[in-house]
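What you see is a predicted model; the values in this text were computed from it and never measured. Below, chain A is the first sequence line, B the second, and so on; all start at residue 1.
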Amino acid sequence: MLGEKFEKEILEKIKSKEPTPRWRFQMKDYMIWSLGILSLLVGGLASSVLIYFLMNGGWGTYGRMNFGWVEFFLLSLPYFWVIILSIFILAAYYYVKHTKNGYRYSIPAIIVFSIVASILLGGCGSLLGLGEAIDNILGEKAPAYYEFFNPQIRMWREPENGRLFGLVTKIEQENFYLLDISRQEWKVYLEKKPPFPLEIGRPIKLLGEKLHDNEFRAFEILPPGPGQGFLRNACPPDGRHPACHQPR
Amino acid sequence: MTENAAGKSDKELVELSLRDKDAFLFIVKRYKDKLYGYIRRITDTGHEDAEDILQEVFIKIYANLNDFDRGLKFSSWIFRIAHNQVISAYRRRKARPQHNSLPLNEDQIEGLISDYDLENNIDAGILKRKVSAAISVLEKKYQEVIILKFFEEKSYQEMSDILEKPAGTVASLLNKARSEFKKKYKT
């Protein structure tokens with residue numbers, strides 16, 4: 001078949017070449033593994049925010065709002081984090097597949113592994129409060145984007161429809177005052193005792209009805225859930241409002 | 001170069017070649033005919049094109065010796081390089097199929113036919129042409145697995161390592177290749 005001439009030609013051609021050094025292959029392997037692990041970690045962070053949204057999305061309030069179930073679900077879903085999680089699950093799949101032995105695992109096996117790893121990491125992150133912390137930071141530092149990320153912000157900024165979200169600024173016997181995200185201050189009348197103590201600077205959500213401009217009757221007071229960091233943008237730039245000096 | 005390749009394992013030859021370029025000749029001698037036959041079978045090209053591709057394969061093997069994973073069989077690793085090089089050569093050259101008769105061994109043809117329960121009481125020359133024609137019109141992914149299984153006599157694990165696909169996918173491909181080959185053979 002192929003004689004000595006062929007062999008000599010090969011030896012001639014490799015005379016001027018050197019094998020690629022081992023460290024370059026090792027570096028490539030480390031990069032791929034690092035990027036794969038990083039994708040899983042970022043996916044885990046996204047998952048922890050997603051878990052935070054799902055556990056604090058106020059699903060129990062659905063019956064007390066004037067929304068259909070589908071509309072409420074579509075308004076409450078944190079699309080941004082679902083997309084981010086999906087992107088990093090796919091990224092983790094890509095990098096795992098490109099490791100030395102990644103080809104041995106089927107696509108479904110790697111995707112399932114990525115999803116489970118993200119959920120487990122997200123669960124741990126959620127227990128450590130990472131989901132809430134990320135949501136607060138994003139809400140405070142990136143308000144323009146955050147309003148887009150968190151559709152609930154719009155949903156809770158509708159006093160005409162009985163929904164309000166803001167910081168407690170002053171507490172009186174039968175009522176309190178609330179600063180909303182538009183920096184409008186509301187006098188809020190209580191229908192019943194709040195389920196938790198009110199504190200100045202504490203963010204809360206209200207279900208009720210608008211009485212007049214700047215007056216609201218609250219039927220129900222709810223914990224703030226996602227978007228608390230965003231509320232800090234209600235504080236005036238000089239930060240002089242008393243509600244804005246409270247510890248977070 | 002005073003070393004003698006006889007009795008040396010592939011892994012030992014790799015270590016030797018990394019220390020002494022001339023020792024790479026032992027790897028070339030050991031695998032040139034096998035790889036040449038493989039390239040001819042999966043590319044359906046003539047002798048000269050196959051020889052050119054084989055040269056590129058050996059140069060690539062040499063350049064990547066430090067990337068050889070000792071957990072793999074060396075033959076699987078170099079067949080993988082050959083497979084990938086054939087794909088890039090095919091795209092680069094856009095080689096027009098020359099419809100050369102595939103170099104098929106008669107024993108291997110018998111194995112293929114009996115495995116697929118096909119009639120084989122015909123003249124050996126005609127049988128070879130029928131099998132060659134049937135394989136050459138299969139989709140590339142089916143050709144690859146049939147050639148690796150029946151003509152290169154690779155195991156499922158080796159095929160998985162060569163094609164860089166999960167073993168389950170390889171098994172599934174072989175099943176589909178079987179029914180496609182039967183259809184083509186009978187028409």
Using heavy-atom distances under 4.5 Å, tell me whether Lys165(B) contacts chain A through its side chain, its backbone, both, or neither.
backbone
Are Arg22(A) and Phe68(B) packed together at the side-chain level, in the sense that at least one heavy-atom pair is separated by less than 4.5 angstrom?
no
Which atoms of Lys17(A) are under 4.5 Å from chain B, going by heavy atoms: the side chain, the backbone, both sets, or neither?
both
Residues Lys100(A) and Asp67(B) bridged, charged N to O under 4.0 Å
yes
Where on Ile14(A) is there a heavy atom nearer than 4.5 Å to chain B: the side chain, the backbone, both, or neither?
both
Does any part of the side chain of Phe25(A), heavy atoms only, come nearer than 4.5 Å to the side chain of Asn64(B), both counted from C-beta?
yes
Would a 4.5 Å heavy-atom cut-off, applied to side chains only, mark Leu65(B) and Thr20(A) as touching?
no
Tyr103(A) vs Pro166(B) side-chain heavy atoms within contact, under 4.5 Å
no
Counting only non-hydrogen atoms closer than 4.5 Å, does Glu18(A) touch chain B with its backbone (N, CA, C, O), its side chain (CB onward), both, or neither?
both
Taking side chain as C-beta onward, heavy atoms only, is Gln26(A) less than 4.5 Å from Asn66(B)?
no
Need one label for Asp29(A): side chain, backbone, both or neither, based on atoms under 4.5 Å from any heavy atom in chain B.
neither
Checked Lys28(A), Lys13(A), Lys97(A) vs chain B; the most non-hydrogen pairs under 4.5 Å come from Lys13(A)
